[in-house]
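Structure, as structure tokens:
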Amino acid sequence: MSELLVLRNHIDGEYTDAADGRRLEVTDPVTGEVYATSPRSGAADVDAAMAAAAAAFPAWRDATPATRQRLLLKIADAVEARAEEIAEAECRNTGKPRALTLTEEIAPIVDQIRFFAGAARLLEGRSAGEYMEGLTSIVRREPIGVCAQVAPWNYPLMMGVWKFAPALAGGNTVVLKPSDTTPASTVLLAGIIGGILEEMGLPAGIFNVVCGDRETGRLMVEHPTPAMAAITGSVRAGMQVAASAAKDIKRVHLELGGKAPAVVFEDADIAAAVEGISLAGFFNAGQDCTAATRVLVHESVHDAFVSALTKAAAAIRTGGGIDDEDVLYGPLNNANQLAQVTGFIDRLPAHATVRTGGHRVGDKGFFYAPTVVSGLEQDDEIIQNEVFGPVITVQSFRDEAEAVTYANGVEYALASSVWTKDHARAMRMSKALDFGCVWINTHMILAAEMPHGGYKKSGYGKDLSAYGFEDYTRVKHVMTAL
């Protein structure tokens, strides 16, 4: 057995172990074997990180937008220059195919950091004006303060970027916690950013990384120092964060689960819909809260669609090494997630039919076959709850009204898609669908300039875009008597 990789916190510019020496094991999802250990940070470690971020905040708050932009551009350049090394860490984190990680994650990450570098130069309020006689009003947009941020395991590095890039662009300082199952890439990035801060003569505490488990995250959110808590995670975790933050009226930014419907009408290009939905449903093993894993198909084309989707799914490959370019997706992230996906299939009602897949692949690691299930009803568990695995369900509907009822009839409201050649219908559906994003004849396409975030139990606040940037600022009214 090779020597375990030892990961460490990065606080105030220094790599450190947990104060009490506790550590967590980190498992390679490809093999199911432990390949690293990371700190199980406690109260002392969280205190140290928060103190560093608080001490760094005044200087970073007062830095010019040009300085903030320069830092983010340097981070983006460093990620781009060290893309292979960072992708290697991310692939060990997640088991994802290397080629797809480079093109579909590292490249967008660089673009997203550069977008927020540009946004840093646009931090402004309304121009001065006289709204009452003899008085001039000014609106200032200011940084919030220290931000406690928790990233998930499905996109460890990208979701970390979605957290810290707008926060830093707005003049906030950051304490970021990666998932306990995927800390490697975030720890690597912390060292890179630390070196850039030192090179620019900026306070090291602007960006800190604390590794740990749920208890560590709870300590961060409940800590008195942060003015804002931001998390991407489960609904349960989001509810706990909101409740904890309410105790001292922290701002909260929640990006939680999803159950994205893909609504396919009878006039849709069926071949294009099958191709788009299968890619958007199985990419990253369906471990994406916007994944197209709940398909609604008009009854007149239902059977043809299911047949075509089943054929497409059966041709998709998982498993193998992370260097295998013929593999669309790697393993599920951890043993608990494999058990969750398996449980949904084991508990299927008698009226459901597994068209393909429905089983684990191989006897090591956490691989699961691309799966299609049909014959489902609206109140079935697998329709109502997030599977977060490579499982696509298919239901049929009679008309547009029923499609809307089924699509909206879940507690999640993050993303959706409509597949039709009828422009008017597409516009009606985009209005009627109660989701934060509606794609038309495509699914799961993101742009740095456009907002990502949902309603209902999918959370609140936006990632990406100017809206996401504004979430990390506060508004102040200044009024002057003339």
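Below, all heavy atoms of this structure are taken into account, side chains as well, without hydrogens, waters or symmetry copies. Fair warning: this is a prediction, and the values are worked out from it, not measured in the lab.
- Around atom CE of Met450, no more than 12 heavy atoms belonging to other residues, nucleotides or ligands sit under 6.0 Å away.
- Counting only distance, with no hydrogens or angles, the side chain of Lys457 and the backbone of Val410 share no donor-acceptor pair below 3.5 Å.
- Put simply, NE2 on His452 and NZ on Lys462 are 8.5 Å apart, with the number rounded to the nearest 0.5 Å.
- Gln149 and Ala167 get closest at one heavy-atom pair: NE2-CB, 3.7 Å.
- Residues Gln340 and Val387 share a closest heavy-atom pair of NE2-O, 3.2 Å.
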Audit row: Gln378, Gln384, side-chain contact (heavy atoms from CB on, under 4.5 Å) steps and yes/no: CA-CA 7 Å; Gln378 183 66 15; Gln384 291 296 319; 3.6 Å; yes
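- Using bins of under 30°, 30° to 60° and over 60° for the plane-to-plane angle, the ring pair Phe283/Tyr155 lands in the parallel bin.
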Residues Leu464, Gln112; criterion side-chain contact (heavy atoms from CB on, under 4.5 Å); working and verdict: CA-CA 8 Å; Leu464 301 176; Gln112 289 156 6; 3.9 Å; yes
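- Separation of atoms CD (Glu25) and CG (Leu4) is listed at 7.5 Å; rounding is to 0.5 Å.
- With rounding to the nearest 0.5 Å, the separation of CE in Met220 from OG in Ser244 is 12.5 Å.
- Side-chain N or O atoms of Glu105 include none that pairs as donor or acceptor with a backbone N or O of Met158 at under 3.5 Å.
- Counting heavy atoms from C-beta on, the side chains of Thr94 and Trp153 never come closer than 4.5 Å.
- Ile231 has its side chain within reach of Leu254: a pair of non-hydrogen atoms, C-beta onward, lies under 4.5 Å apart.
- Here the side chain of Thr371 pairs no donor or acceptor atom with the backbone of Val391 at under 3.5 angstrom.
- Nearest heavy atom pair, residue Ala291 against residue His443, reads C-NE2, 3.9 Å.
- One finds no salt bridge joining Glu386 and Lys259 here, because no Lys/Arg side-chain nitrogen approaches an Asp/Glu carboxylate oxygen to under 4.0 Å.
- Annotation: side chain of Cys211 is in contact with side chain of Val187 (closest heavy-atom distance under 4.5 Å).
- Nearest heavy atoms, Thr225 versus Ala54: CG2-CB, 4.0 Å.
- Classification of Arg23 and Asp17 as a salt-bridged pair holds, one side-chain N sitting under 4.0 Å from a carboxylate O.
- Ring-plane geometry between Tyr15 and His10 is classed as perpendicular, the angle between the planes exceeding 60 degrees on a 0 to 90 degree scale with a lower cut at 30.
- Side-chain contact between Glu255 and Leu414: present, with at least one pair of heavy atoms (C-beta onward) separated by less than 4.5 Å.
- The neighbour count for Glu198 CD, taken as heavy atoms of other residues, nucleotides or ligands under 6.0 Å away, does not exceed 12.
- Proximity of Leu168 to Phe116: side-chain heavy atoms (C-beta onward) are nowhere separated by under 4.5 Å.
- Within 6.0 Å of CD on Glu449 lie more than 12 heavy atoms contributed by other residues, nucleotides or ligands.
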Criterion side-chain contact (heavy atoms from CB on, under 4.5 Å) on Leu279 and Phe282, from CA distance to verdict: CA-CA 5 Å; Leu279 287 174; Phe282 296 125; over 6 Å; no
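- Checked against the 6.0 Å centroid criterion, the rings of Trp60 and Phe207 do not qualify as a close aromatic pair.
- Nearest approach of Leu332 to Pro29, heavy atoms of both residues: O-CB, 3.4 Å.
- Side chains of Asn93 and Glu90: a donor-acceptor N/O pair is present below 3.5 angstrom, by distance only.
- Checked by atom type, the side-chain pair Asn9/Ser41 shows a donor-acceptor distance below 3.5 Å.
- The shortest side-chain heavy-atom distance between Pro370 and Tyr329 falls under the 4.5 Å cut-off.
- Side chain of Arg214 to backbone of Asp180: no donor-acceptor contact under 3.5 angstrom is found.
- Remark: Leu296 engages Pro261, Val263, Gln395, Phe397, Tyr406, Ala407 in a side chain to side chain contact (heavy atoms under 4.5 Å, CB included) (not counting sequence neighbours).
- Annotation: cation-pi geometry satisfied between Arg347 and Phe344 (NZ/CZ under 6.0 angstrom from ring centroid, within 45° of ring axis).
- Between the Ser458 side chain and the Leu256 main chain, no donor and acceptor come within less than 3.5 Å of each other.
- With Arg114 as the partner, the side chain to side chain contact (heavy atoms under 4.5 Å, CB included) test is satisfied by one option alone out of Leu72, Asp77, Ile109, Ile75: Asp77.
- Distance CD1/Ile206 to CZ/Arg68: 9.5 Å, rounded to 0.5 Å.
- Here CZ of Phe367 is found 5.5 Å from OG1 of Thr318. Values are rounded to the nearest 0.5 Å.
- Going from atom CG of Leu157 over to atom CD1 of Ile86 covers 6.5 Å, rounded to the nearest 0.5 Å.
- Under the 4.0 Å criterion applied to side-chain N and carboxylate O atoms, Glu104 and Lys96 are not assigned as salt-bridge partners.
- Look at Asp213 and Arg40 and you find a salt bridge, because one of the NZ, NE, NH1 or NH2 atoms lies within 4.0 Å of a carboxylate O, short of that distance.
- Remark: side-chain polar atoms of Ser38 are not paired, donor with acceptor, to backbone N or O of Gly212 under 3.5 angstrom.
- For the pair Val150 and Lys177, the minimum side-chain heavy-atom distance is below 4.5 Å.
- Remark: Glu215 does not engage Arg22 in a salt bridge, criterion side-chain N to carboxylate O under 4.0 Å.
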Evaluation steps, side-chain contact (heavy atoms from CB on, under 4.5 Å), between Cys147 and Lys163: CA-CA 9 Å; Cys147 297; Lys163 296 283 182 288; over 6 Å; no
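- Remark: side-chain polar atoms of Asp45 are paired, donor with acceptor, to backbone N or O of Ala19 under 3.5 angstrom.
- When atom types are taken as modelled, the side chain of Asn172 and the backbone of Val146 share no donor-acceptor pair closer than 3.5 angstrom.
- Remark: side-chain polar atoms of Trp439 are paired, donor with acceptor, to backbone N or O of Ile445 under 3.5 angstrom.
- Side-chain contact check for Leu202 versus Thr67: some heavy-atom pair is nearer than 4.5 Å.
- Looking at Asn284, its side chain does come within 3.5 Å of a backbone N or O of Gln287 through a donor-acceptor pair.
- Scanning all heavy atoms of the two residues, the minimum distance from Ile196 to Ala78 falls at CD1-CB, 4.0 Å.
- More than 12 heavy atoms of other residues, nucleotides or ligands sit less than 6.0 Å from atom OH of Tyr460.
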